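Every chain is numbered from 1 and lettered A, B, ... according to where its sequence line falls, protein lines coming before strand lines. None of the values given here were measured: they were computed from a predicted structure.
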Amino acid sequence: MAYDHKEIEKLAREKWAVLDLYKIDLSAGEEERYYLLVEFPYPSGDLHIGHWYAFAVTDMYARMLRAKGKNVFFPIGFDAFGLPAENAAIKNGADPKEWTYKNIERMRGQLATMGASFDWSKEVVTCEPSYYQWTQWLFAKLFEHGLAERREAAVKWCPKDQTVLANEQVVDGVCERCGTPVEEKRLTQWFLKITNYADKLLTGLDTLPWREEIKEAQRAWIGKSEGAKLRFSTRFNLVPNDGVDIEVFTTRPDTVFGATYIVLAPEHALVKNLIEGRLASLTNAGEIEKYVEATKKKTEKERSENKEKTGVKLKGVSAINPATKEEIPIFIADYVLGSYGTGAIMAVPAHDERDREFAEKFNLPILEREFANWDTISGIGGERTTQYRIRDWLVSRQRYWGCPIPIVYDPEGKPHAIPAEHLPWLLPTDVDFKPTGKAPLASSQELKDRVTKIFGEGWTPEYDTLDTFVDSSWYFLRYLDTKNTNNFSSAELMKKWLPINRYSGGSEHTTMHLLYARFFMKALYDLALVPVDEPFNERFNRGLIMGPDGAKMSKSKGNVVNPDEFVEKYGADAVRIYLAFIGPYNEPRSCPWSMEGVASMRKFLDRVARMVELAKNQSDPDAFKYFMKSNLFVSITRTLKKVTDDGNRFKFNTGVAALMALLNEFEDSQNKNIVEHNGACMFIIMLAPFAPHLAEHLWEELGNHGSVHQQSWPTGAIIASSEVEVVVQVAGRRRGSIRLPSETGEAEALAEALKIPAVSAALAGKEPKRII
RNA sequence: GCCCGGGUGGCGCAACUGGUACCCGCGCAGCCUUGAGGUGGCUGUGGGAGCAAUCCCGUGGAGGUUCGAGUCCUCUCCCGGGCACCA
């Protein structure tokens with residue numbers, strides 16, 4: 001180890017702190033602004049390699065932009081509410097608040113070792129009352145404008161975490177967090193009406209320069225289907241005109257002639273009424289009820305995995321196809337979902353694979369017919385409609401460690417937003433954490449007393465807390481004005497700094513956080529609270545760092561890479577540069593961690609230090625003149641262009657490769673006793689974003705003043721070499737190469753090329769077409 | 001099943017609008033350094049034939065366009081991700 005990384009890195013960070021290098025005055029600066037954002041971490045207590053990949057590599061971009069004269073805002077904070085703190089409280093009796101703050105403190109230290117150029121003066125911590133006050137204020141705004149509402153709904157319930165989950169937090173029928181199969185419950189809960197924005201969220205995507213795969217994932221999640229609603233009248237107890245209408249949604253109203261039966265989802269409201277005999281007497285009500293109960297027991301996953309069609313005919317009722325006037329049977333079957341469309345379909349076995357399967361099993365007619373045109377469809381009462389797959393965002397959580405929902409209920413049970421003067425609506429501390437399925441806040445006497453005191457006898461508090469995704473849906477607005485006590489952010493600064501230029505994060509957030517934050521922005525835009533309706537201009541989903549065995553890191557596999565160990569052994573700069581080198585950052589892909597790889601990055605940095613050692617002792621007064629004429633100077637300008645271009649594209653892997661190639665050239669030229677002090681300085685400036693600590697040290701070693709991180713990115717012109725190498729191809733194959741002065745004409749060059757034996761042989765007497 | 005990505009040496013990868021395929025690094029081999037080992041340094045490293053200059057083959061597979069294809073077109077196989085009994 002040629003240099004003492006511990007000492008150098010410590011000194012460099014001290015120097016930056018003294019110079020207060022990364023503090024930014026957001027209201028000042030004529031330079032072009034650049035808001036660079038990375039998803040803020042959850043304070044789990046340990047900074048893992050994924051955090052390094054997220055922050056250290058993005059920091060390179062921040063440093064490069066600053067050197068290029070941009071006014072760069074690169075903030076950091078903590079997404080501090082959430083289940084793990086509470087689980088620690090349940091398990092070890094810890095105070096969730098203390099547990100969280102202890103972890104934040106520890107992670108601040110770990111983040112500091114990264115050498116990232118965060119502006120810590122604008123840190124945001126979502127569990128601070130000064131932050132969640134505004135989460136509550138924004139929720140109240142949404143409530144006032146009908147975008148937050150309380151209603152009973154079938155919700156996903158995690159029996160282990162004892163809380164409801166958002167649709168997005170259920171993956172393949174299990175809790176995204178703990179893997180427990182979710183249950184369905186009917187509960188009265190708070191929803192944010194993201195469905196109101198389904199279309200805006202969809203069309204907004206067209207304006208964003210995101211990778212197609214991210215846009216496609218969001219489009220699929222929103223799931224727009226255009227079709228029509230049709231009404232089928234029914235006959236109860238075989239008495240004409242006795243029934244109610246069944247509304248169905250179809251994307252193929254033109255196939256209505258082929259509709260030979262109706263299917264209701266077991267959850268359909270009509271089914272319940274029929275079983276209970278309120279509308280008509282079914283001759284097989286018991287059988288129907290059994291089927292409905294059986295369906296309830298299945299998880300959504302089981303329901304979708306079992307492709308074998310099941311169902312029961314409703315005996316005693318039938319429907320009329322409005323196009324054919326034929327009487328057709330009604331079934332209930334679990335292949336129709338209560339949560340989509342109207343919960344009822346017209347089955348067209350001739351045109352739908354699922355309907356065909358069902359029809360074959362139940363011996364129902366399959367009718368190939370003519371197609372209906374729109375005149376016919378509207379003639380039978382069809383209306384064009386659009387359906388979305390996306391559901392409203394369920395934000396109630398029966399957990400403690402979250403932002404209290406700022407709602408109180410009057411004696412009639414009607415919800416009211418807590419007025420702004422009572423915000424922050426503090427999270428009570430006299431709470432029993434044991435999960436009972438009831439909200440822990442219900443055990444707080446202080447909360448009840450508080451409500452009575454402020455609002456009067458008979459008023460009651462809301463006991464649920466908000467999904468933490470609400471906290472993180474606007475944190476990037478707060479970063480701009482963290483100390484504001486009068487508003488959630490500054491209108492002026494939002495106008496100057498939004499939208500965020502580049503946002504990077506994990507691909508798992510594509511249909512969660514990223515969608516929620518876009519919804520928030522659009523809703524706040526419509527309330528005239530923010531100046532733009534899309535928060536993020538560019539978005540990068542970063543890849544995953546795998547274990548050395550190529551498998552996803554997990555404690556059970558024992559392949560977890562602890563960055564602290566490598567920082568200890570090789571230094572933060574080596575870890576940073578390895579992460580930059582591992583692959584292209586702008587394409588999400590998984591890369592295995594390589595022990596030897598990190599070691600080799602340290603070797604590279606040691607060689608750089610040695611090169612500087614030689615360069616700094618340079619004493620030849622003519623060295624500069626010599627250097628300017630050298631091939632090395634040409635190489636430096638070429639490398640500069642490469643590192644600059646690659647940096648713009650987030651391709652740090654090839655940027656580092658170019659620096660390595662340049663170092664090889666430096667070493668070759670040093671062997672010839674050419675020592676280039678100026679060249680070394682340029683090299684160090686280019687190295688600075690990647691290895692900021694070592695670059696700072698070597699910058700001083702070379703006798704420079706100030707910080708290398710305050711230097712402007714060089715914009716050297718490319719010096720053309722006087723000779724160029726020309727490759728000669730015949731029939732698309734390389735036949736040789738010649739070195740010619742760059743001003744050589746075409747005819748001359750052709751004549752030279754023909755002198756190569758392989759060229760004339762390959763041409764075999766034929767005339768050369770052209771020179772390329 | 002549908003929709004996105006992506007398949008290049010033993011490995012991670014590189015190759016701007018079609019123009020020297022494999023930059024840079026890992027690994028491996030040989031040599032130097034060392035008492036030995038490691039570290040460090042130098043050289044070599046896609047496959048095949050040849051003493052050699054050199055030649056042939058080579059970017060998942062099969063065709064095609066082109067003077068020229070990793071790159072463009074058609075079909076196909078495999079891997080990763082998203083959605084999925086969504087009517």
field: Any side-chain donor near an acceptor of the partner, A/E665 and A/S635, under 3.5 Å
entry: yes

message: Testing the 3.5 Å rule here: is there a donor-acceptor pair between the side chains of A/H5 and A/R602?
response: yes

Distance check: side-chain N/O of [X] vs OP1/OP2 of [N], anything under 4.0 Å?
X: A/K224; N: B/C3; value: no
X: A/Y335; N: B/A87; value: no
X: A/K603; N: B/C26; value: yes
X: A/N653; N: B/C24; value: no
X: A/T511; N: B/G82; value: no

Under a 3.5 Å limit for both distances, which nucleotide forms a Watson-Crick or G-U wobble pair with [N], could you say?
N: B/U39; value: none
N: B/G50; value: none
N: B/G10; value: B/C26
N: B/A21; value: none
N: B/A62; value: B/U74
N: B/C2; value: B/G82

Determine the contact category for [X]: base if any of its heavy atoms lies under 4.0 Å from a base atom, sugar-phosphate if only primed atoms, P, OP1 or OP2 are that close, otherwise nothing.
X: A/R219; value: nothing
X: A/I582; value: sugar-phosphate
X: A/D355; value: nothing

Check every atom of [options] against the side chain of [X] and return the nucleotide holding the closest atom.
X: A/T250; options: B/G12, B/C24, B/A87; answer: B/A87
X: A/R211; options: B/A14, B/G5, B/G41; answer: B/G5
X: A/D334; options: B/A15, B/C4, B/C85; answer: B/C85
X: A/F581; options: B/A87, B/G25, B/C83; answer: B/G25
X: A/E596; options: B/A15, B/G27, B/A87; answer: B/G27
X: A/R610; options: B/G82, B/A14, B/G40; answer: B/G40
X: A/L337; options: B/C85, B/A14, B/C4; answer: B/C85
X: A/W221; options: B/A87, B/C83, B/G27; answer: B/C83

query: Would you find a donor on one side and an acceptor on the other, under 3.5 Å apart, between the side chain of A/N541 and the backbone of A/T510?
result: no

- prompt: Are the side chain of A/E226 and the backbone N or O of A/T385 linked by a donor-acceptor pair below 3.5 Å?
  reply: no

query: If you take atom types as modelled and just measure distance, does the side chain of A/K215 reach the base of B/C4 with a donor-acceptor pair under 3.5 Å?
result: no

query: Would A/Y578 and A/W593 count as a ring pair (Phe, Tyr, Trp, His ring centres under 6.0 Å) if you check the C-alpha gap in whole Å, the side-chain angles of each, and the deciding distance to 0.1 Å?
result: CA-CA 9 Å; A/Y578 176 68; A/W593 179 265; 4.9 Å; yes

task: Of all the heavy-atom pairs spanning A/G550 and A/P592, show the shortest one and how long it is.
output: CA-CB, 4.0 Å

